[in-house]
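Below is one structure, written out as structure tokens; the observations come after it.
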Amino acid sequence: LNLYQSSGVLLADPKTNRRVVASRILVVATTATVIVGGLSIWAGSLTGWMADVTVPAWAVVVAAVVWTWFALKDGILVGLRMFSTIPIANTVYGALKIVAIVVFAATLPEASVPLATFVPALIVAPVVLLLAARRLQKAPTSGTHTGLDARFIGVDYVGFVFLQLSTTLLPFLVLLGADARAAGVFAAIWMMIAMLDTVAHNAGVPLASE
């Protein structure tokens, strides 16, 4: 639902009841993730891909919910003006992920990649949400929602769909038509470009909030 970018803008307005906005963002994100995760597991059980998954189905949904919160945390922190927390949280996550991939590769090699991705998020996300909750305790207890409406989220979501189509879809198109060597060369270049794009996008959200 592109709530990462939207939350950074909506929570920035001091005239809104930011606790209500934040709770709605988390509820919507959780509900959507559970529904999509449940449908994916159900569809996967029909097609047989769940036979290759080495963790229980319920763990997949839990991990998806935690990852959704983790992905939203930067937008929430931007909206709450907790800028310095973002690089610290992401650096801690990256360090924990490096340690986890080594540990799980030696103990649970078949599930090492998903475990190394989600377990650090299980550690970092609750801490960040606790810090955000403390900041929200100082938020206004009353106010009107000046930006939480269908016009802003609707237009923002349509733009985000086109962004996904113009960026995320491109690697799949390359993989469909390229051999292994060409795909490897593309992947290396794509990663460098994606990092620059990420910097620009993540700088744009705070700028839009301001």
Side-chain angles (χ1 to χ4, degrees), residues 1-8 10 20-76 89-90 93-94 96-97 100-101 103-105 107-130 132-133 148-150 152-178 183 187 190-191 194 198 201:
L1 300 177
N2 197 29
L3 291 174
Y4 158 69
Q5 182 166 297
S6 300
S7 60
L10 299 176
V20 174
V21 175
S23 63
R24 287 185 177 182
I25 289 171
L26 291 178
V27 168
V28 170
T30 302
T31 304
T33 306
V34 169
I35 292 175
V36 173
L39 289 175
S40 299
I41 291 175
W42 176 73
S45 63
L46 296 180
T47 58
W49 72 265
M50 282 300 294
D52 298 327
V53 178
T54 57
V55 293
W58 62 265
V60 175
V61 175
V62 171
V65 172
V66 173
W67 183 257
T68 300
W69 293 347
F70 186 78
L72 288 176
K73 71 174 178 18
D74 289 357
I76 293 174
N90 290 333
Y93 170 78
L96 290 175
K97 188 174 181 180
I101 194 67
V103 173
F104 290 127
T107 56
L108 298 169
E110 293 183 355
S112 59
V113 173
L115 286 175
T117 300
F118 293 119
V119 170
L122 284 168
I123 299 173
V124 175
V127 175
V128 173
L129 287 175
L130 177 61
L148 187 61
D149 55 46
F152 174 79
I153 296 179
V155 173
D156 192 56
Y157 181 75
V158 171
F160 188 74
V161 169
F162 281 102
L163 174 66
Q164 290 292 311
L165 291 176
S166 62
T167 54
T168 309
L169 186 61
L170 181 58
F172 289 99
L173 296 177
V174 172
L175 288 175
L176 288 175
W190 179 258
M191 287 300 295
T198 300
H201 182 258

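The basis for the numbers below is simple: all heavy atoms, side chains too, and nothing from hydrogens, waters or symmetry mates. Along the sequence shown, the residues carry numbers beginning at 1.
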(message) Would the distance check show the side chain of Ser23 and the main-chain N or O of Val20 forming a donor-acceptor pair, the cut-off being under 3.5 Å?
(response)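 At least one qualifying donor-acceptor pair exists.
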Considering non-hydrogen atoms only, spot the tightest contact between [X] and [Y] and give its length.
X      : Y      : answer
Ala121 : Pro126 : O-CD, 3.8 Å
Ala89  : Lys73  : CB-CE, 4.3 Å
Gly75  : Ser7   : C-OG, 3.6 Å
Thr167 : Leu163 : OG1-O, 2.6 Å

(request) Report the residue from Thr168, Leu170, Val174 that forms a side chain to side chain contact (heavy atoms under 4.5 Å, CB included) with Phe172. (result) Thr168
(message) Which residues pass the ring-ring contact (aromatic ring centres under 6.0 Å, His included) test with Trp190, not counting sequence neighbours?
(response)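 Partners of Trp190 under the ring-ring contact (aromatic ring centres under 6.0 Å, His included) test: Phe186.
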(message) Within the 4.5 Å heavy-atom criterion, are Ile76 and Val128 side-chain neighbours or not?
(response)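 Of all side-chain heavy-atom pairs linking Val128 with Ile76, none is under 4.5 Å.
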(message) By the side chain to side chain donor-acceptor pair (under 3.5 Å) test, which pairs, at least two apart or in different chains, include something from residues 111-122?
(response) none
Donor-acceptor list for residues 59-71 side chains, cut-off 3.5 Å, not counting sequence neighbours:
{"unit_1": "Thr68", "atom_1": "OG1", "unit_2": "Thr33", "atom_2": "OG1", "d": "3.0"}
{"unit_1": "Thr68", "atom_1": "OG1", "unit_2": "Ala64", "atom_2": "O", "d": "2.8"}
{"unit_1": "Trp69", "atom_1": "NE1", "unit_2": "Thr30", "atom_2": "OG1", "d": "2.8"}

